[in-house]
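To keep things clear, I will list the structure first and then write my remarks on it.
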Amino acid sequence: MPKLSFLACTVATVLALLSPGSACSQPDTGQSSPAAMTSPQAPSNVWYEIFVRSFYDTNGDGIGDLNGVTAKLDYLKSLGVSGIWLMPVNPSPSYHGYDITDYDGINPQYGNLADFRRLLDEAHKRGIKVIIDMVINHSSNEHPWFKAARDPHSPYHDWYSWAGKYTDLDTLSATGVTAWHAAGAQNYLGIFAPTMPDLNYDNPAVRAAMIKVGQFWLKQGVDGFRLDAAQHIYDNLQSDMDDPVVLAKNLAWWNEYRHGLDAVNPHAYLVGEVTRPVATELAPYFKPLDAVFNFPLAVQLIAAAKDERNLDLATTLAHTYASYRAADGDQLRDAPFLSNHDQERVMSQLGDNPQHMRMAAAMLLTLPGEPYIYYGEELGMRGRKPDEALREPMRWQRAPHAQGTTTWEPSTSGDGPAVSVEAEQADPHSLLRYYTMLIHWRSEVGALRDGGFRVYPEANDHLVAWQRTGARDTVLVVHNLSGQSQSMPLDVPGEPHFRKLLRQTGSGAEIRGAMLELPPYSSVILQ
């Protein structure tokens, strides 16, 4: 057989740990096997977001289920992720689940609580943590609480916010839609949609109930929560968006919530959805939470990959991390990502350019913090608005109607059989293999996983470089974002001299004297 590239051999070796045979044997298709349950490597600290409805269907009803996630845990283990985030799994009248009718229940289309506990057990056996969406800014308008609240005399009436005599019912919410919605002769606050009435966190009973919900799921064994709409607990109207009093009330609530969870699990991981445009506006949330999603960085990473220019990215990152530390005074924490269930998929944002996709992934997976990838991103799945098209079925086999493939939503992306787990596992040069390699780098190189961040001078604007220093090693990460070979001096005055080529995404990178030579669209780690 032809000689495998560095990429192919690296990934094939990883896959060999998961199945019998030689390191270059035919890869599996992601089905579960006991051999994948343990790994001697350190965790990558990479998270994988899953829309259960679209992931894998085990009972043939066309809808993904919790048992389907369990069936694919070994695929996730082989990919190298060490945690999964499940989008809402609670009962809900909507396909997406962000309007919940029972906070302590499991959506019957997905399974039951026993299935959920089995998923937790099997994930933990493999060293994979599980967090779930905690959607507590609002409930469903079909929740029993809200149905009762429509009676002004009900004790649940004050669990929601109602318009007064002088309320401007045409006021826009902080999300840009109508804030007030009619319920008979009354009007209630719902900053996302009429089906999602906002809970009133000025009511102590609401706060106590939501802390109890969090404690319930921690007792089931979850490792933490992704906090939906974390900034909008009190940030309701457009006039609230830059109000320091509103920010203080948000932070006070999340501190109270954290304290309540500590009674069950003081190590529970909390990552918040805070959709602010600059890092300094994310930083205050690092006191009550472990991390917040870095929305500004996602925009910057995709722009740099698309333009093939560094756009002063490393300096921007240095300022970002400085603001985080100033607010928190702790280790460098972040939740970087490229896209999620609310945004157009990365491949579509990058105009279907596979090289730009690879460079965006390489930058993401060599940054500090705990990166997140969206299911199917590792395959190069495409998707543009509306939202349903961003959440289409995961393609496991080349055949479009293979067993396990969900059918709840027809695919409109135009992705063919090549954009499937089966096809990409068989291709040593696929995007899936590339993601697998990069994720495993984080397990193998400690500084990538837990090291600090320092800007390293780039030779030109087609290169981006940063230094990562961990407890045991210091490495230099360099990305060539362009389609041309690039050179970079390594004898920069006042900077460490890196002389060893530790990892590279392909072949052809060389250190010649004091110069680093980089092939097009490539990334290296130097020691």
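Throughout, residue positions are numbered sequentially from 1 according to the sequence presented.
Heavy-atom minimum distance, T101 versus P144: O-CD, 3.5 Å. Nearest heavy-atom pair, S523 versus H479, reported as atom, atom and distance to 0.1 Å: OG-ND1, 2.6 Å. Heavy atoms only, all atoms of each residue included: P88 and D133 are closest at CD-OD2, 3.3 Å.
Residues Y372 and E377 are not in side-chain contact: their nearest non-hydrogen atoms beyond the backbone lie 4.5 Å or more apart. Looking at L317 and W466, their side chains come closer than 4.5 Å, going by heavy atoms from C-beta outward. Side-chain contact between Y234 and V245 is absent, with no heavy-atom pair separated by less than 4.5 Å. Proximity of T320 to L297: side-chain heavy atoms (C-beta onward) are nowhere separated by under 4.5 Å. The closest side-chain heavy-atom distance from L218 to L261 is below 4.5 Å. With contacts defined as side-chain heavy-atom distances shorter than 4.5 Å, the pair N340/F295 qualifies. Considering only heavy atoms from C-beta on, D151 stays 4.5 Å or farther from Y156 through its side chain. For the pair Y456/V477, no side-chain contact is recorded, criterion being any heavy-atom separation below 4.5 Å from C-beta on.
Residues Y188 and Y160 keep their aromatic ring centres 6.0 Å or farther apart. Taking the centre of each ring, F192 and H232 come in below the 6.0 Å mark.
Relative orientation of the Y95 and W408 rings is parallel, given thresholds of 30° and 60° on the angle between their planes. Ring pair H341/W85 is perpendicular by interplanar angle, where above 60° counts as perpendicular and below 30° as parallel. Classification of the Y257-W253 ring pair by plane angle, with boundaries at 30° and 60°, yields tilted.
Counting only distance, with no hydrogens or angles, the side chain of N353 and the backbone of L350 share no donor-acceptor pair below 3.5 Å. Side-chain atoms of Q220 come within 3.5 Å of backbone N or O of F216 as a donor-acceptor pair. In terms of modelled atom types and a separation under 3.5 Å, the side chain of E378 and the main chain of L431 share no donor-acceptor contact. For R442 (side chain) and L367 (main-chain N/O), a donor-acceptor pair under 3.5 Å exists by modelled atom type. At least one donor-acceptor pair under 3.5 Å links the side chain of W217 to the backbone N or O of Y103.
A salt bridge does not link D415 to R395: none of the charged nitrogens lies less than 4.0 Å from a carboxylate oxygen. A salt bridge links R391 with D342; the closest basic N to acidic carboxylate O contact falls under 4.0 Å. Salt-bridge check for D115 with R117: failed, with every basic side-chain N at 4.0 Å or more from each acidic carboxylate O. The pair D240-K249 fails the salt-bridge criterion, with no side-chain N (NZ, NE, NH1 or NH2) lying under 4.0 Å from an Asp/Glu carboxylate O.
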Practice task
Show your reasoning for whether side-chain hydrogen bond (donor to acceptor under 3.5 Å, both in side chains) applies to D461 and N310.
Solution key: CA-CA 5 Å; D461 66 355; N310 65 46; 5.9 Å; no

Exercise for the section: Assess whether side-chain hydrogen bond (donor to acceptor under 3.5 Å, both in side chains) is satisfied between D57 and T406, documenting all intermediate values. Expected result: CA-CA 6 Å; D57 170 23; T406 69; over 6 Å; no

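With a 6.0 Å cutoff to the six-membered ring centre and a 45° limit on the axis angle, R358 counts as a cation-pi contact of Y434. Both tests hold for R345 against Y375: distance to the six-membered ring centre under 6.0 Å, angle to the ring axis within 45°.
Of the residues listed (E409, H96, Q109), the one engaging R53 in a side-chain hydrogen bond (donor to acceptor under 3.5 Å, both in side chains) is Q109, and it is the only one.
Separation of atoms CD (E370) and OH (Y269) is listed at 4.5 Å; rounding is to 0.5 Å. With rounding to the nearest 0.5 angstrom, the OH atom of Y285 is 11.0 Å from the CG atom of L227. Rounding to the nearest 0.5 Å places CG of L237 at 7.5 Å from OG of S173. In this structure, CG on L364 lies 9.5 Å from CZ on F337, to the nearest 0.5 angstrom. Taken from CD in Q349 to CD1 in I302, the straight-line distance is 3.5 Å, to the nearest 0.5 Å. Taken to the nearest 0.5 Å, the OG atom of S139 stands 9.0 Å off from the CD1 atom of I100.
Residues Y324 and N294 bring a donor and an acceptor atom of their side chains to less than 3.5 Å of each other.
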